[in-house]
Asker: 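Can you keep this structure in mind? I'll have questions shortly.
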Amino acid sequence: MTATETIAAAINRIDEKKVNLKKAFDDLQAHRSLLSPSFSLSWSEIDSHFSSLQSSLANRFRLLQSTAPLQDDSFRLDASYSQTSSSEEVSEQPVVEPELRALCEKMDGIGLSKYLIVQWDDDAPLNQEVSAAIRYSPDPASMVLDAIDGSNQNHTPSSSGKSFDVRRVFVLLMEVLIESNANITVDTRNRAKKLAYGWKTKIDTKPFEALVFLHLVAAFELGSEFNSEELSDYVFMIAKYKQATSVCNKIGLDRERVRNLVKKLLDSGKAILAVKFMYECGMTDEFEPIPVLKSYIKDSREAALRVCVEDNYSTKSQNEAIDKEVSALKAAIKIIKDQNLESEFTQEKVEERVEELEKYKALRKRNTTNPPKEEPQQKGKKRTRDCNGTQVPAPSQQLLSRPEALLMPEHSHHGLQLNPYGLMTSAFSGVVVNPLAGLFGSAATPQPLYYAQQTGFVLPPQYHPPYYSQ
């Protein structure tokens, strides 16, 4: 018997051994009164653990079989390495619920769809568990197609009684199917093609319908059945979804189509999405993502400033501007971290800027809810006044009363120097002192005060449009 035959035979005996283990567990339960009160292990927990082990071993064996034929000696792995890698894989392998496994083993696509609707939790995605469970199916592609084809409605009640969009389950199942690299028979592909053509008629201008359609094309390898230009347009339509790049890589678009898609995203002001496609679709040799990201970060601040200017720095516009800039910067931070680009963005201090804005917003909220009480003047202590005899507010009050300072660009334009706080060290020197020196970069440096600024706050010029959509 060859090494592969020995392994296969051992894996096939796992179920038999589990039956014997179940009998031993039942015998132990019969003497439960003699056990420690802390013993609370149930059979379902034991079964789930060994099912996970069985799945892990079966997956590794299938991977071994998919490689080129090797000599028997090649299967002799170092014992310590085998134990380490096995324990790591088992620890990462999610536990598959018996009901979920049974549905996959029985090829019950409709039942699987209903099960996922009931179990769905936005805070605890089911991707990993479903990915492990689907490998128990004799024909995963056919089962997933049954789940999609067997549902005639987009929305169905969930366990909470609320309406649930079952298309989310379809997308999840097809994502898992793509990752599993399961075999797709000619019959299954023909059924999927018929379903895809029907689904295509639903799209019109609906991005989520396009998302489901493109997953059908990707999961069942139907790229050659549809027009490439049309597929590219649908990818542009769903670019905001996290699955967009993986689908784009699976539907057979040539390099020129992907290049044009990236250009279209840039021209539409969707810089972050364009950069994501550059990295995840292998287009970094034709585009320069880092300069695009740097411009995007700069433009996000200028766009936030314009929001304030257009509404005369109202409370609403300040909140909107901060939310807008924070959202834009967090999107940039995600790509910077995903692609390990931190060393390229040391000057921008993106995370510090986000923290700065969020702290300011929290400070404003606290002061709005609980306005600070004016402290009584201590005897013998004079209040600070400027050169005109006007009382100068405390620094924290200055920040709240002149919020535009936080939203100003780091560098002034056209030689214009702004006076965000109105403090001077001398009546004659004309120098502004920022009470929060060092917090806002170059804006914190003492700067000359011009006559135009003494007569009123001078706004900076308008800026060019940002890269991201408004």
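Numbers here are sequence positions counted from 1.
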Asker: Would you indicate whether Glu105, at its atom CD, is surrounded by more than 12 heavy atoms from other residues, nucleotides or ligands within a distance under 6.0 Å?
Answerer: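 For Glu105, atom CD is crowded (more than 12 foreign heavy atoms under 6.0 Å).
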Asker: So how far is it from Arg167 CZ to Ile148 CD1, rounded to the nearest 0.5 Å?
Answerer: 12.5 Å
Asker: Cut-off 3.5 Å, side chains only: do Glu97 and Tyr115 have a donor facing an acceptor?
Answerer: no
Asker: Taking all non-hydrogen atoms of both residues, which atom of Phe220 and which atom of Arg189 are closest, and how far apart?
Answerer: O-NE, 3.4 Å
Asker: Flag the pair Glu209 and Lys202 as a salt bridge only when some basic side-chain nitrogen lies within less than 4.0 angstrom of an acidic carboxylate oxygen.
Answerer: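 Between Lys202 and Glu209 there is no salt bridge, as every charged N stays at least 4.0 Å from the carboxylate O atoms.
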Asker: Return yes if some donor-acceptor pair links the side-chain N/O of Arg255 with the main-chain N/O of Met283 below 3.5 Å, else return no.
Answerer: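 No: the side chain of Arg255 does not pair with the backbone of Met283.
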Asker: For the rings on Phe213 and Phe226, is their centre-to-centre separation under 6.0 Å?
Answerer: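 When the ring centroids of Phe213 and Phe226 are compared, they turn out to be within the sub-6.0 Å range.
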Asker: Minimum heavy-atom separation for Ser300 to Leu329, with atom names?
Answerer: OG-CD2, 3.5 Å
Asker: With salt bridge (Lys or Arg N to Asp or Glu O under 4.0 Å) as the test, would you mind laying out the steps for Glu356 and Lys349 before giving the verdict?
Answerer: CA-CA 11 Å; Glu356 205 173 80; Lys349 299 181 180 179; over 6 Å; no
Asker: When you compare the side chain of Leu172 with that of Trp120, does any pair of heavy atoms fall below 4.5 Å?
Answerer: yes
Asker: Kindly indicate whether the side chain of Arg135, heavy atoms from C-beta on, has any atom under 4.5 Å from the side chain of Ser180.
Answerer: yes
Asker: Run the side chain to side chain contact (heavy atoms under 4.5 Å, CB included) test on Lys361 and Asp323 for me, step by step, so that the C-alpha distance in whole Å, both residues' side-chain angles and the decisive distance to 0.1 Å come before the verdict.
Answerer: CA-CA 9 Å; Lys361 188 173 180 182; Asp323 290 342; 2.6 Å; yes
Asker: Is there a side-chain contact between Phe345 and Ile290 (heavy atoms, below 4.5 Å)?
Answerer: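 Result yes, sub-4.5 Å side-chain heavy-atom pair found.
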Asker: Walk me through it: do Asp267 and Lys263 pass the test salt bridge (Lys or Arg N to Asp or Glu O under 4.0 Å)?
Answerer: CA-CA 6 Å; Asp267 293 342; Lys263 288 180 179 177; over 6 Å; no
Asker: Is Ser295 reaching over with its side chain to a backbone N or O of Pro291, donor-acceptor style, under 3.5 angstrom?
Answerer: yes
Asker: Could you tell me which non-hydrogen atom of Ala244 sits nearest to which non-hydrogen atom of Val235, and how far apart they are?
Answerer: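 Minimum heavy-atom separation between Ala244 and Val235: O-CG1, 4.4 Å.
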Asker: Under 6.0 Å from the six-membered ring centre of Tyr136 and within 45° of its axis: does the NZ or CZ of Arg101 meet both?
Answerer: yes
Asker: Tell me if a side-chain donor or acceptor on Lys276 pairs with a main-chain N or O of Cys281 at a distance below 3.5 Å.
Answerer: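 No; judged by distance alone, with no hydrogens or angles, the pair does not exist.
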Asker: Check step by step if salt bridge (Lys or Arg N to Asp or Glu O under 4.0 Å) holds for Asp146 and Arg191.
Answerer: CA-CA 10 Å; Asp146 289 341; Arg191 285 175 55 209; 2.7 Å; yes
Asker: Between the side chains of Asn249 and Ser246, is a donor N or O closer than 3.5 angstrom to an acceptor N or O?
Answerer: no
Asker: With rounding to the nearest 0.5 angstrom, report the CG to OH distance, Leu214 to Tyr241.
Answerer: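 Between Leu214 CG and Tyr241 OH, I get 11.5 Å after rounding to 0.5 Å.
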Asker: Heavy atoms, side chains only, cut-off 4.5 Å: are Asp233 and Lys264 in contact?
Answerer: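 With C-beta onward as the side chain, the pair touches.
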Asker: Can you see which heavy atom on Leu293 is nearest to which on Ala332, and at what distance?
Answerer: CD2-CB, 4.2 Å
Asker: Nearest heavy-atom pair of Leu261 and Cys248: which atoms, and what distance?
Answerer: CD2-SG, 4.2 Å
Asker: I want to check something: taking the side chain as every heavy atom from C-beta on, are Cys104 and Met143 in contact at a cut-off of under 4.5 Å?
Answerer: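 Heavy-atom side-chain distance check passes, below 4.5 Å.
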Asker: Is it true that a side-chain atom of Asn312 and a backbone atom of Ser314 form a donor plus acceptor pair closer than 3.5 Å?
Answerer: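 Not a single qualifying donor-acceptor pair exists.
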Asker: CD/Glu99 to CG/Asp108 distance, rounded to the nearest 0.5 angstrom?
Answerer: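 These two atoms lie 10.0 Å from each other.
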Asker: If every non-hydrogen atom of Val217 is compared with every non-hydrogen atom of Ile251, which pair is closest and at what distance?
Answerer: CG1-CG2, 3.8 Å
Asker: In the structure I gave you, are the side-chain heavy atoms of Leu363 and Arg366 within less than 4.5 Å of one another anywhere?
Answerer: yes
Asker: Quick one: do Glu351 and Lys337 satisfy side chain to side chain contact (heavy atoms under 4.5 Å, CB included)? Show the steps, please.
Answerer: CA-CA 11 Å; Glu351 290 185 304; Lys337 290 187 173 181; 2.8 Å; yes
Asker: Please walk me through it: do Val275 and Lys270 pass side chain to side chain contact (heavy atoms under 4.5 Å, CB included)?
Answerer: CA-CA 9 Å; Val275 170; Lys270 300 176 180 178; over 6 Å; no
Asker: Within the distance-only criterion (no hydrogens, no angle test), does the side chain of Gln318 pair as donor or acceptor with the backbone N or O of Tyr313 below 3.5 angstrom?
Answerer: yes
Asker: Give the intermediate values and the outcome of salt bridge (Lys or Arg N to Asp or Glu O under 4.0 Å) for residues Glu358 and Lys330.
Answerer: CA-CA 12 Å; Glu358 289 181 334; Lys330 283 184 176 180; 3.1 Å; yes
Asker: Is a side-chain N or O of Asp204 found less than 3.5 angstrom from the main chain of Lys206, in a donor-acceptor match?
Answerer: no
Asker: Can you measure from CD (Glu320) to OG1 (Thr315) and round to the nearest 0.5 angstrom?
Answerer: 12.5 Å
Asker: Taking side chain as C-beta onward, heavy atoms only, is Leu173 less than 4.5 Å from Leu112?
Answerer: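 Yes, their side chains come closer than 4.5 Å.
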Asker: Within the 4.5 Å heavy-atom criterion, are Thr284 and Pro289 side-chain neighbours or not?
Answerer: yes
Asker: Show your working on side chain to side chain contact (heavy atoms under 4.5 Å, CB included) between Asp254 and Ser228 and close with a plain yes or no.
Answerer: CA-CA 8 Å; Asp254 58 35; Ser228 294; 5.6 Å; no
Asker: Measuring from atom CD of Glu325 to atom CG of Leu357, what distance do you get when rounded to the nearest 0.5 angstrom?
Answerer: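 Rounded to the nearest 0.5 Å, the CD-CG separation comes out at 4.5 Å.
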Asker: Taking Glu344 first and then Lys294, would you say they form a salt bridge - that is, a charged N and a carboxylate O separated by under 4.0 Å?
Answerer: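 Looking at Lys294 together with Glu344, the answer is no, because their closest N to O distance does not fall below 4.0 Å.
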Asker: From Leu265 CG over to Met278 CE, what is the distance, rounded to the nearest 0.5 angstrom?
Answerer: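 Rounded to the nearest 0.5 Å, the CG-CE separation comes to 8.5 Å.
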Asker: Given Val292, which of Leu266, Ile272, Ile297 fulfils the side-chain contact (heavy atoms from CB on, under 4.5 Å) condition?
Answerer: Leu266
